[in-house]
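Written out below as structure tokens is the structure these notes cover.
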Number of protein chains: 2
Amino acid sequence: MRIVVATCAVDYSGRLSAHLPLAPRVLMVKADGSVLVHSDGGSYKPLNWMSPPCTLKVSEPTADQAEQGVTVVWTVSATKTDDKLVVSLHDVVHDSAHELGVDPGLQKDGVEAHLQKLLAEQVELVGTGHTLVRREFPTAIGPVDLMVRVPGRAGAASGASAATGVGGAVEVTVEVDTAATSHRHVAVEIKRRATIDAVEQLTRYLELLNRDPHLAPVRGVLAAQSIAPQARTLATDRGIDCLLLDYDAMRGVDDPDSRLF
Amino acid sequence: MRIVVATCAVDYSGRLSAHLPLAPRVLMVKADGSVLVHSDGGSYKPLNWMSPPCTLKVSEPTADQAEQGVTVVWTVSATKTDDKLVVSLHDVVHDSAHELGVDPGLQKDGVEAHLQKLLAEQVELVGTGHTLVRREFPTAIGPVDLMVRVPGRAGAASGASAATGVGGAVEVTVEVDTAATSHRHVAVEIKRRATIDAVEQLTRYLELLNRDPHLAPVRGVLAAQSIAPQARTLATDRGIDCLLLDYDAMRGVDDPDSRLF
DNA sequence: TCCTCTAGCTTGGAC
DNA sequence: GTCCAAGGTAGAGGA
């Protein structure tokens, strides 16, 4: 890792064009050749960067550039695309290099996968007596987070609602809604934070699942730690139920030893 | 900006829990107090970080920690949430600080807004003789990127297709499709890269717009620099046309002086 | 490899 | 402030 502190101007061209006026900044050159341009604020995201694989070429400034104070020019080119980053360095106040070796990597815990695991273990939150069919229930358009079986519905007529639903633009979910008393399964979509996208996703799953006479009618449940108002509205419109999850409470029920650390 | 190169272990707790084993890394402490932990590879994203506003507290290791080689402990706490980052430093091989000042900021060009501007100027790409009604055409659920008028359709019967379309789950768009010969307007959704989300978004707009007798029937066009295969499939299913945009070619037609640099 | 979805997303803009 | 959409999204995971 090479670290340079210098006054510089930066131009990026590629998927977009961007320009950074002359100012003091920190430049990082990683072992894989990638380059990061950081300012002294903002966030963890660099102002500009080049992702690997790429090559760094160091060159002398032109006479014009030298006259304007440029002492050296870095040209960073992506090897697979035509993205290019040009850094014009003026005063360099620091320049050091360090051997770091390969990082052993990050261990994570607590994301959506954990929510899914917890809700799978506490599936009664979806409905009394409900049992888990499986996590990541496969469909033609991707896996449903949880597929749940409703108790005491083995003999329910799967076609009971066929005559009532079909109608407007959201008829698929109207059908689900009007068949509420004879649901045999529940498809659960789990998000940390649910937006409209999650409702659309679940709607696609339900549309498909409700074509299967072995499953239909399938109720939809959107389960999340937080649900955006527009997502809740759209879900309600489509007869999808919303389930707010309390991560801490669910984790409290869970065996603490099952956590990574 | 303070830059430290040191062997360290890191623990983060907050929205998730994460742990970094002992290894050499680069630590950046920005003027706003934010902290970044970088390895010598990967991407521009740090392995761990703390966003401002936060506070950094430096403390001596406990006797146990000192025995294991820890020389100093950084505790970075978010001020608004209970996020916490604990960095246990062992050998410090570099430690320097630099005054950078406030960055003048990034100038950008070439994103979706520019695509929209270009297509508005070159609206005949949507269809021969088509004219622009307006950009950001307002609807109850948000603005449509471009609303376009089809030539010579003033007298076309808006209900001509009513008897043909209604059928399966996607009948709204089937209706749009079968009415192709009598469209009076075109709603254009513009993306740099179109995914299924874009199709869903345009579908919602079309469903709404086609209720308006002054506009209906409204054809849908998904215009993008690249279109994901599944998005194309879904769009085709729903009678939405796909239009691949060549940004460079469109920019060539455009006045080069209108670009930022 | 391509394609999808998640992310401690981040960030900007509208309301 | 909240909420939503875009990102040079990046990165993981599955087909």
Side-chain angles (χ1 to χ4, degrees), chain A residues 10-18 34 37 42-52 54 76 78 81-85 105-106 108-116 136 138 140-143 145 189-198 200-201 204 225-234 247, chain B residues 10-18 34 37 42-52 54 76 78 80-85 105-106 108-113 115-116 136 138 141-143 145 189-198 201 225-233 247:
Chain A
V10 184
D11 282 282
Y12 165 77
S13 65
R15 277 165 272 192
L16 58 67
S17 300
S34 55
V37 181
S43 65
Y44 71 66
K45 190 177 179 179
L47 295 164
N48 273 123
W49 71 93
M50 184 62 71
S51 305
C54 62
V76 191
T81 68
D82 58 357
D83 288 30
K84 195 161 70 172
L85 193 69
L106 190 65
K108 281 187 183 181
D109 174 36
V111 277
E112 183 183 316
H114 199 196
L115 268 183
Q116 188 191 105
E136 304 289 345
I141 55 173
D145 288 341
E189 177 66 34
I190 301 172
K191 288 273 182 275
R192 206 173 58 75
R193 173 174 168 75
T195 64
I196 273 181
D197 288 350
E200 298 288 9
Q201 191 179 347
R204 289 196 295 275
Q225 279 186 279
S226 80
I227 300 175
Q230 289 202 359
R232 186 179 287 273
T233 302
L234 185 61
Y247 181 62
Chain B
V10 184
D11 282 282
Y12 165 78
S13 65
R15 277 167 271 191
L16 57 67
S17 300
S34 55
V37 181
S43 65
Y44 70 69
K45 191 176 178 179
L47 294 165
N48 275 122
W49 70 94
M50 185 61 71
S51 304
C54 61
V76 191
K80 305 233 166 187
T81 67
D82 58 356
D83 287 30
K84 194 162 71 169
L85 193 69
L106 190 65
K108 280 188 185 180
D109 174 37
V111 277
E112 182 183 317
L115 268 184
Q116 187 191 106
E136 304 288 345
I141 55 172
D145 288 341
E189 177 66 32
I190 301 173
K191 287 275 182 277
R192 206 173 58 73
R193 172 174 168 75
T195 63
I196 274 181
D197 289 350
Q201 191 178 350
Q225 280 185 277
S226 78
I227 301 175
Q230 290 205 359
R232 185 180 287 273
T233 301
Y247 181 61

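In what follows, chains are A, B, ... by sequence order, proteins preceding strands, each numbered from 1.
- Under the stacking criterion of a centre-to-centre distance below 5.5 angstrom and an interplanar angle below 30°, B/Tyr44 is not stacked against the six-membered ring of D/dA10.
- Panel note: side chain A/Thr233, backbone A/Pro229; a donor-acceptor pair is recorded below 3.5 Å.
- When the P atom is used for both D/dC4 and D/dG8, the distance is 22 Å, rounded to whole Å.
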Find every protein N or O atom lying less than 3.5 Å from an N or O atom of nucleotides 2-5 of chain C, and list the pairs.
| residue | atom | partner | partner atom | Å |
| --- | --- | --- | --- | --- |
| C/dT4 | OP1 | B/Gln230 | N | 3.3 |

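- Distance B/Met50 CE to C/dT10 P: 11 Å, rounded to the nearest Å.
- B/Ser34 is linked by a side-chain hydrogen bond (donor to acceptor under 3.5 Å, both in side chains) to B/Asp32, counting only residues two or more places apart in sequence or in another chain.
- Taking atom NZ of residue B/Lys45 and atom C1' of nucleotide D/dA10, one finds them 7 Å apart after rounding to whole Å.
- With sequence neighbours excluded, no residue satisfies salt bridge (Lys or Arg N to Asp or Glu O under 4.0 Å) with B/Arg232.
- In terms of position along DNA chain D, the nucleotide closest to A/Thr195 lies nearer the 5' end than the nucleotide closest to the other residue of the pair A/Asn48 and A/Thr195.
- Residue A/Lys108 places none of its side-chain N or O atoms closer than 4.0 Å to OP1 or OP2 of C/dA7.
- Atom C1' of nucleotide D/dG8 and atom CG of B/Leu106 are separated by 10 Å, given to the nearest angstrom.
- At whole-Å resolution of the value, CD in B/Gln116 and P in D/dA5 are 15 Å apart.
- What separates CZ of A/Arg15 from P of D/dG8 is a distance of 9 Å, to the nearest Å.
- C/dT6 atom P lies 18 Å from atom NE2 of A/His114, rounded to whole Å.
- In this structure, the side chain of B/Asn48 does not engage the main chain of B/Val37 through any donor-acceptor pair within 3.5 Å.
- A search for side-chain contact (heavy atoms from CB on, under 4.5 Å) contacts involving B/Pro46 returns A/Tyr44, B/Leu36, B/His38, B/Trp49, not counting sequence neighbours.
- Rounded to whole angstrom, the span from the CD1 atom of A/Ile227 across to the P atom of D/dC4 amounts to 12 Å.
- For A/Ala194, the side-chain contact (heavy atoms from CB on, under 4.5 Å) criterion is met by A/Lys191, A/Ala198, A/Leu222, A/Ala224, A/Ile227, not counting sequence neighbours.
- For B/Lys80 and B/Asp145, each mapped to the nucleotide of DNA chain D holding its nearest heavy atom, the one lying further toward the 5' end belongs to B/Lys80.
- Regarding A/Leu115, its CG atom lies at a distance of 13 Å from the P atom of C/dG8, rounded to whole Å.
- Considering only residues two or more places apart in sequence or on other chains, A/Thr81 meets the side-chain contact (heavy atoms from CB on, under 4.5 Å) condition with A/Ala78, A/Asp83.
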